Chemist: 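Please see the structure below; I have some questions.
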Amino acid sequence: MKKLVIFDLDGTLLNTIADLANASNYALTQCGFPTHAPSSYPYFVGNGVSKLLERIVPEDERSQSTLQKMRQFFSEYYNAHCTDFTTPYPRIPELIKELTDNGISVAVASNKYQEAVSKLISHFFPDIQWAAVEGQKEGRHTKPDPSIIFEILSQHPTAKSEVLYVGDSGIDMETARRACVQSCGVAWGFRPVSELKENYADNIVDSPQEIYDIAISENII
């Protein structure tokens, strides 16, 4: 049985893509650049806001000053609108409650900047006692660097064999592998199942119930 389940945020707990696309396109418009179709944003996200903005700006316009301006417009819009269209994936709130009701701690490890992560978690999961809620912070490498996992384990000491890391991308699976914890890829997120397989996911699930089943299993990888 696991004692701690660490979740990625975007594409795993919450479907945030519409609000991310809107904030990104707002920033592009403010800077005079063409926008992108919302359907293209699942392929832009995953490595934090800085990388997202770098990817969506025209290649010959990616100067530091332009990206800083983009970041300002993005944050201005996203901080005000990050809950407009975002929703938890089906059965996710029930899963989190079921885990905590059964004595399994839960945490969040996201490449999204800390202010937005904290706001989203408090808005959508106000009654959950999280062991840690960690987003991107100045001076700490983003996933797949495992530093964020080690930070969570420093706040909530747990044997690595008793940790399950859940995410929707190859970045998440690599993060778990580098941290030496069991991984679980979700099929409902922003990236295809093929990406999870290519990055050696220990488990791939189609429903939140399967995450619970893995967490309470006596089999330890």
Side-chain angles (χ1 to χ4, degrees), residues 1-16 19-20 48 78-79 82-140 142-143 145-169 171-173 175-176 179-186 188-189 202-203 205 207-221:
M1 181 173 173
K2 300 301 183 187
K3 292 186 177 179
L4 174 65
V5 180
I6 303 174
F7 291 93
D8 171 53
L9 183 62
D10 300 70
T12 302
L13 294 178
L14 301 176
N15 186 348
T16 56
D19 288 323
L20 287 170
Y78 194 71
N79 289 345
C82 66
T83 62
D84 286 2
F85 299 101
T86 290
T87 58
Y89 285 101
R91 301 294 301 171
I92 285 294
E94 291 83 356
L95 166 67
I96 301 301
K97 187 175 189 306
E98 192 170 11
L99 288 170
T100 55
D101 283 351
N102 283 274
I104 299 173
S105 299
V106 291
V108 172
S110 175
N111 275 343
K112 188 191 296 289
Y113 59 100
Q114 184 68 51
E115 180 182 357
V117 172
S118 298
K119 180 176 180 178
L120 287 165
I121 288 298
S122 63
H123 180 85
F124 288 105
F125 305 98
D127 300 324
I128 298 299
Q129 184 68 42
W130 297 88
V133 174
E134 289 292 315
Q136 190 273 324
K137 293 179 178 177
E138 189 73 28
R140 184 172 67 198
T142 56
K143 298 181 293 184
D145 186 285
S147 298
I148 192 169
I149 304 299
F150 299 149
E151 172 61 28
I152 290 171
L153 294 181
S154 74
Q155 296 178 43
H156 191 81
T158 308
K160 290 184 179 182
S161 62
E162 296 174 326
V163 176
L164 180 66
Y165 179 82
V166 183
D168 72 307
S169 71
I171 291 169
D172 291 310
M173 301 306 99
T175 302
C180 299
V181 300
Q182 186 177 359
S183 64
C184 178
V186 303
W188 56 79
D202 294 318
N203 310 273
V205 299
S207 70
Q209 179 61 46
E210 293 174 83
I211 297 173
Y212 179 78
D213 292 342
I214 294 167
I216 65 170
S217 171
E218 295 301 323
N219 297 323
I220 302 293
I221 290 181

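Remember, predicted model here, so these are calculated numbers, not experimental data. The basis for the numbers below is simple: all heavy atoms, side chains too, and nothing from hydrogens, waters or symmetry mates.
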Chemist: Say whether, by atom type as modelled, one donor and one acceptor occur between the side chain of Asn111 and the main chain of Gly135 under 3.5 angstrom.
Modeler: no
Chemist: Between Ser110 (side chain only) and Val108 (backbone N and O only), is there a donor and an acceptor less than 3.5 Å apart?
Modeler: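 Not a single qualifying donor-acceptor pair exists.
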Chemist: Without hydrogens or angle criteria, can the side chains of Gln209 and Asp213 be said to hold a donor-acceptor pair below 3.5 Å?
Modeler: yes
Chemist: Among residues at least two apart in sequence or on other chains, which ones pass salt bridge (charged side-chain N to carboxylate O under 4.0 Å, His left out) with Lys112?
Modeler: Asp10
Chemist: Rounded to the nearest 0.5 Å, what separation is found between the CG atom of Asn203 and the CE atom of Met173?
Modeler: 9.0 Å
Chemist: How close do Thr12 and Ile92 get, heavy atom to heavy atom, and via which atoms?
Modeler: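 Residues Thr12 and Ile92, closest heavy atoms: O-CD1, 3.8 Å.
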Chemist: If every non-hydrogen atom of Asp19 is compared with every non-hydrogen atom of Cys82, which pair is closest and at what distance?
Modeler: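 Asp19 and Cys82 have their closest heavy atoms at OD2-O, 3.0 Å.
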Chemist: What's the separation between atom NZ in Lys3 and atom CG in Leu99, rounded to the nearest 0.5 Å?
Modeler: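 If I round to the nearest 0.5 Å, the distance is 15.5 Å.
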Chemist: Please name all residues satisfying ring pair (Phe, Tyr, Trp, His ring centres under 6.0 Å) with Phe7, sequence neighbours left out, ordered by chain then number.
Modeler: none
Chemist: Sequence neighbours excluded, which residues qualify as side-chain hydrogen bond (donor to acceptor under 3.5 Å, both in side chains) partners of Ser147?
Modeler: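 Ser147 satisfies side-chain hydrogen bond (donor to acceptor under 3.5 Å, both in side chains) with Asp145 once adjacent residues are dropped.
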Chemist: Evaluate the criterion side chain to side chain contact (heavy atoms under 4.5 Å, CB included) for residue pair Ile104 and Ile216; output intermediate values, then yes/no.
Modeler: CA-CA 9 Å; Ile104 299 173; Ile216 65 170; 4.1 Å; yes
Chemist: With distance as the sole test, does Lys160 use its side chain to make a donor-acceptor pair with the main-chain N or O of Ala179 at under 3.5 Å?
Modeler: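 Looks like yes, one N/O pair under 3.5 Å.
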Chemist: Using the test side-chain contact (heavy atoms from CB on, under 4.5 Å), find all partners of Thr87 that sit at least two apart in sequence or belong to another chain.
Modeler: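 side-chain contact (heavy atoms from CB on, under 4.5 Å) check on Thr87 returns Asn15.
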Chemist: Under 6.0 Å from the CZ atom of Phe124, do we count more than 12 heavy atoms belonging to anything else shown?
Modeler: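 Above 12, so yes.
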Chemist: Under the side-chain hydrogen bond (donor to acceptor under 3.5 Å, both in side chains) test, which residues partner Thr175, sequence neighbours left out?
Modeler: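 Thr175: no side-chain hydrogen bond (donor to acceptor under 3.5 Å, both in side chains) contacts found.
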Chemist: Please report the C-alpha distance between Ile148 and Ile6 in whole Å, then the side-chain angles of each, then the deciding distance to 0.1 Å, and finally whether the side chain to side chain contact (heavy atoms under 4.5 Å, CB included) criterion is met.
Modeler: CA-CA 10 Å; Ile148 192 169; Ile6 303 174; over 6 Å; no
Chemist: Locate the shortest heavy-atom distance separating Cys184 from Ile211; write the atom from each residue and the value.
Modeler: SG-CG1, 4.2 Å
Chemist: Can you list everything that forms a side-chain contact (heavy atoms from CB on, under 4.5 Å) with Pro90? Sequence neighbours excluded, please.
Modeler: none
Chemist: A quick test of your reading: do over 12 heavy atoms of other residues, nucleotides or ligands sit less than 6.0 Å from CZ of Arg91?
Modeler: no
Chemist: Quick one: list whatever passes salt bridge (charged side-chain N to carboxylate O under 4.0 Å, His left out) with Asp8, sequence neighbours left out.
Modeler: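 Partners of Asp8 by the salt bridge (charged side-chain N to carboxylate O under 4.0 Å, His left out) criterion, ordered by chain and then number, come out as Lys143.
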Chemist: How close do Leu95 and Pro208 get, counting heavy atoms only, and between which atoms?
Modeler: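 What the structure gives for the nearest pair is CD1-O, 3.5 Å.
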Chemist: Would you say the side chain of Trp188 lies within less than 4.5 Å of the side chain of Val205, judging by non-hydrogen atoms?
Modeler: yes
Chemist: The criterion is side-chain hydrogen bond (donor to acceptor under 3.5 Å, both in side chains); which residues satisfy it with Tyr113, sequence neighbours excluded?
Modeler: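 Expected list: Asn79.
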Chemist: Can you name the side-chain hydrogen bond (donor to acceptor under 3.5 Å, both in side chains) partners of Thr83, sequence neighbours left out?
Modeler: none
Chemist: Holding to side-chain contact (heavy atoms from CB on, under 4.5 Å), I want the full list of residues that pass it with Thr100, two or more places apart in sequence or in another chain.
Modeler: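 With sequence neighbours excluded, Thr100 shows a side-chain contact (heavy atoms from CB on, under 4.5 Å) to Val106, Ile128, given in chain and number order.
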Chemist: List the residues meeting side-chain contact (heavy atoms from CB on, under 4.5 Å) with Gln155, not counting sequence neighbours, and say none if there are none.
Modeler: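 Only Ala132, Glu134, Glu151 meet the side-chain contact (heavy atoms from CB on, under 4.5 Å) criterion with Gln155.
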Chemist: Can Tyr212 and Asn102 be said to form a side chain to side chain contact (heavy atoms under 4.5 Å, CB included), step by step?
Modeler: CA-CA 10 Å; Tyr212 179 78; Asn102 283 274; 3.4 Å; yes
Chemist: Sequence neighbours left out, what pairs pass side chain to side chain donor-acceptor pair (under 3.5 Å) with at least one residue falling in residues 119-133?
Modeler: none
Chemist: What are the two closest heavy atoms between Ala131 and Leu4, and how far apart are they?
Modeler: CB-CD1, 4.3 Å
Chemist: Which atom names give the shortest non-hydrogen contact between Ile121 and Leu13, and what distance separates them?
Modeler: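 Where Ile121 meets Leu13 most closely, the heavy atoms are CD1-CD1, 4.4 Å.
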Chemist: Are Gln182 and Ile214 side-chain neighbours, meaning at least one heavy-atom pair lies under 4.5 Å?
Modeler: yes
Chemist: For Asp172 and Tyr165, does a side-chain donor sit closer than 3.5 Å to a side-chain acceptor?
Modeler: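 Per modelled atom types, Asp172 and Tyr165 side chains form a pair under 3.5 Å.
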Chemist: Taking atom NZ of Lys137 as the centre, does the number of heavy atoms from other residues, nucleotides or ligands within less than 6.0 Å exceed 12?
Modeler: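 Count over threshold, so yes.
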Chemist: With rounding to the nearest 0.5 angstrom, report the OG to NZ distance, Ser105 to Lys2.
Modeler: 14.0 Å
